[in-house]
Each structure stands twice: as structure tokens, then as C-alpha cells.
Amino acid sequence: MPRRTVIEVAPAATGPGRPPRVRLAGAQLGARRLPDRHGRVRVALVATEALLLAGDDVRVEVTVGPGLLLEIVETAGTVAYDMRGGSARWDVTARVADRGGLAWAGLPFVVSDGADVTRTTTVTLEGSARATLRETVVLGRTGEQGGRLDTRLSSTIDGRPLLAEATLVGPDSRRDPALLGGSRCLDSVTTLGHRLGGADTRDDTSADTSHSSSHTDGSGPAPATARPATLLQLHGEGSVARWLGDDAHASPLTRLSENATAAISGRNTPSLPLSLAPRP
């Protein structure tokens, strides 16, 4: 039976006003409690062994109780290495009860040449629960085209479908002008149970996001292939902001993700005016 990393935040057994109960169990990813922040329970994910290799089956199960808030913090990005004909899986299931909130801003997931990974995220919301997720996919390390990644995100709210998305990326899609169009980074911020609304829904992607940068090997300027970020409003309560580019650190979605995370605990709203242009 595959090992599982478990993160469970539940109401205190002694009643309201008491700290929530937090249960953590580690596997390939260890779970470590961090100091709470702005009413959010914070848990760090720490790799306990080399990841991601052929045959790996990483499973993370998250449960957030009613009225509770959880932020998951990744301490480092993940590299899927050459699997030499093998494959690996990375599956996340999350259930958020009524009035609860989940924020998970993932760090870059690098798919090296020869890697073959299936990655799924399933989020179940109840009542007025909310979730904010960030996924940054990078095809290849320096000088590579990258391997294959089949990534799927699905969500329901009170049993009703909210989002079902499947993306298959690899060397061919990187070259395809209708898919990645030469870009190696696909960055997404997804809100479920709440929207990136207000000022963020205006057409703010007209800013010039083309830029020059240096190759990490110092060989000179890279082509300016960055594109404007786009914002999609779901039919239900949710949004997807997406950006394509060459360098993950140049993504304009970092500030958007931070603000949407803060909105989970009600400190501000994700409808504040935000530029979707990358940081200089």
C-alpha cells in the first residue's frame, strides 16, 4: 500500500476558542508544523528522500475542518529526474469543510528530460469553503527540452462540479505555437470557492511583458518570449490566472498568489488592483 503524507486540521475537542487539533503524518514528504500566521495553521512540506524518481508514488491527503484555515508551505521546489523509461505519480486530495480555507502556493515543479509524471489534484469544498492553489511547471533544466507531465486538477463544491482541467505538456507542446509556443514555464494561480474579481477582472494584461534575461549559463540574453498573463473566470465561484514565460522568477503571478492567500484569512481581498506584468 502506498505511503501517504497526511495533514489534518480539526476543531478542538473541548469546544470553541481552543486551538485546533493538528494531525501530521509523513512519508516521502514530511509535514512540519510552523508558527501560525493571521489565523492560519501553517504546515511545511519537507522532502525526506530523493524526489522525484521512477516508481515514486507520492500521495498527500489534506483535511480542513469547519471554520479553520490552513496554509501549506513548500520549502523547496521539486525536480522530476530522467526516469529511463519508467514513470512516477504525485497525487493530492484535499477536503475543506464549510467556512474553511486552504492556501497552497507550490514552488516550481521541474520536469527534466526523460521524466514521465502524472500529477493530480482533487479539491472537495463544502458550503462557503475556499481554496487558493498555485502550480508552477518548468519544462527542463538548463539546456533541456523537458520530459512529459500529465497534470489534472478537479474540484467540486457541495457535490457540484466546479473545475475539471487536464493539461499534457512535453517537448512537442513546448514547440507547438498553440500550446506553450516555445515557453518553458507554465504558472497558474487557481481560486476555488472565491474569485479573483473587481479590479483583477479588467483587461490589465496589455502591459508589455516581453523582457530580456540572461541564460543561467551566462551565454547571453535569452529570447524575449514572455507573454501577458490571462485571467479566466469559471462559471461557478472560481478563477484561473495563467502565465507563460521562460523564467519562473519573472512570473507576474507571485503577488497575485500572495494576495489571494491573504484573502483566505480575510486580511484583504483578491480584488485589490494588481498588475499582471512581471516584476522588473
Side-chain angles (χ1 to χ4, degrees), residues 7-9 20 22 24 29 31-46 60 62-78 92-109 121-125 128-137 153 155 157 162-163 186-201 204 229 231-234 237-243 248-279:
I7 303 173
E8 182 178 329
V9 182
V22 179
L24 306 176
L29 293 174
R32 307 285 187 268
R33 183 78 183 268
L34 297 174
D36 294 355
R37 178 181 296 174
H38 305 298
R40 300 190 299 269
V41 172
R42 301 173 71 236
V43 174
L45 289 180
V46 182
V60 182
V62 178
T63 304
V64 183
L68 300 176
L69 308 174
L70 171 64
E71 179 182 358
I72 295 177
V73 178
E74 295 189 9
T75 58
T78 300
V92 174
T93 58
R95 179 178 294 274
V96 186
D98 184 32
R99 299 175 287 106
L102 169 65
W104 187 340
L107 294 180
F109 191 94
T121 303
T122 304
V123 181
T124 301
L125 303 178
S128 60
R130 299 185 291 178
T132 295
L133 309 173
R134 184 180 186 183
E135 181 181 59
T136 305
V137 173
L153 171 61
S155 178
I157 183 165
L162 179 60
L163 174 64
L186 174 61
D187 195 13
S188 304
V189 174
T190 303
T191 60
L192 304 168
H194 65 127
R195 287 179 180 249
L196 298 169
D200 287 330
T201 61
D204 193 30
L231 180 62
L232 171 68
Q233 300 292 7
L234 304 182
E237 285 295 309
S239 308
V240 179
R242 185 156 289 153
W243 177 81
H249 72 271
S251 173
L253 300 187
T254 297
R255 191 153 58 100
L256 187 67
S257 175
E258 292 170 352
N259 200 52
T261 295
I264 290 292
S265 54
R267 287 200 303 121
N268 57 8
T269 68
S271 59
L272 292 177
L274 294 174
S275 172
L276 292 183
R279 293 175 175 175

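Hydrogens, waters and symmetry mates are skipped; everything else that's a heavy atom, side chains included, is used. For clarity, every value in this text was computed on a predicted model and none was experimentally measured.
- With sequence neighbours excluded, no residue forms a salt bridge (Lys or Arg N to Asp or Glu O under 4.0 Å) with Arg37.
- Scored by the side chain to side chain contact (heavy atoms under 4.5 Å, CB included) test, Leu70 finds Ile7, Val9, Val41, Val43, Val62, Val64, Ile72, Leu102 as partners (sequence neighbours excluded).
- Taking Ser155 as the reference, nothing meets the side chain to side chain donor-acceptor pair (under 3.5 Å) condition, with sequence neighbours excluded.
- Nearest heavy atoms, Ala31 versus Leu24: O-CD1, 3.7 Å.
- Every side chain to side chain contact (heavy atoms under 4.5 Å, CB included) that Thr124 has, sequence neighbours left out, goes to Arg95, Thr156.
- Remark: Arg242 pairs with Glu165 by the salt bridge (Lys or Arg N to Asp or Glu O under 4.0 Å) rule, at least two apart or across chains.
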**OP:** Decide yes or no on side-chain contact (heavy atoms from CB on, under 4.5 Å) for Val123 and Trp104, but give the supporting numbers first.
**Re:** CA-CA 12 Å; Val123 181; Trp104 187 340; over 6 Å; no
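- When the side chain to side chain donor-acceptor pair (under 3.5 Å) test is applied to Thr261, no partner is found at least two apart in sequence or on another chain.
- Taking OG1 from Thr121 and CG from Leu163, the interatomic distance works out to 10.5 Å, rounded to the nearest 0.5 Å.
- For Glu237, the salt bridge (Lys or Arg N to Asp or Glu O under 4.0 Å) partners two or more places apart in sequence, or in a different chain, are Arg195.
- At a threshold of 4.5 Å between non-hydrogen side-chain atoms, the residues Leu231 and Gln233 count as touching.
- Glu258 contributes atom CD, which lies 12.5 Å from atom OG1 of Thr132 (distance to the nearest 0.5 angstrom).
- With sequence neighbours excluded, the residues forming a side chain to side chain contact (heavy atoms under 4.5 Å, CB included) with Ala248 are Pro108, Thr136, Val138, Cys185, listed by chain and number.
- The closest side-chain heavy-atom distance from Trp243 to Leu256 is not below 4.5 Å.
- Counting heavy atoms from C-beta outward, Arg42 and Val73 have side chains that approach closer than 4.5 Å.
- Closest approach of Val46 to Arg32, counting heavy atoms only: CG2-CG, 4.0 Å.
- Contact detail for Gly65 and Ala97: the closest heavy-atom pair is C-CB, 3.7 Å.
- Taken from OG1 in Thr191 to CD1 in Ile264, the straight-line distance is 8.5 Å, to the nearest 0.5 Å.
- Between Pro252 and Ala229 the shortest heavy-atom distance is CG-CB, 4.1 Å.
- In plain terms, the two heavy atoms of Ala241 and Leu253 that are nearest each other are O-CD1, 3.6 Å.
- Partners of Asp36 under the salt bridge (Lys or Arg N to Asp or Glu O under 4.0 Å) rule, at least two apart in sequence or in another chain, are Arg33.
- Under the 4.5 Å side-chain criterion, counting only non-hydrogen atoms from C-beta, Thr254 is in contact with Arg134.
- The CG atom of Leu162 lies 5.5 Å from the CG atom of Leu192; values are rounded to the nearest 0.5 Å.
- Not counting sequence neighbours, the partners of Ser128 by the side chain to side chain donor-acceptor pair (under 3.5 Å) test are Asp98.
- Screening Leu153, Val92, Val189 against Leu133 for a side chain to side chain contact (heavy atoms under 4.5 Å, CB included) leaves a single residue, Leu153.
- Taking NE2 of His194 as the reference point, atom CZ of Arg130 lies at 6.0 Å (rounded to 0.5 Å).
- Taking all atoms of both residues into account, the shortest heavy-atom contact from Leu196 to Ser239 is N-OG, 2.9 Å.
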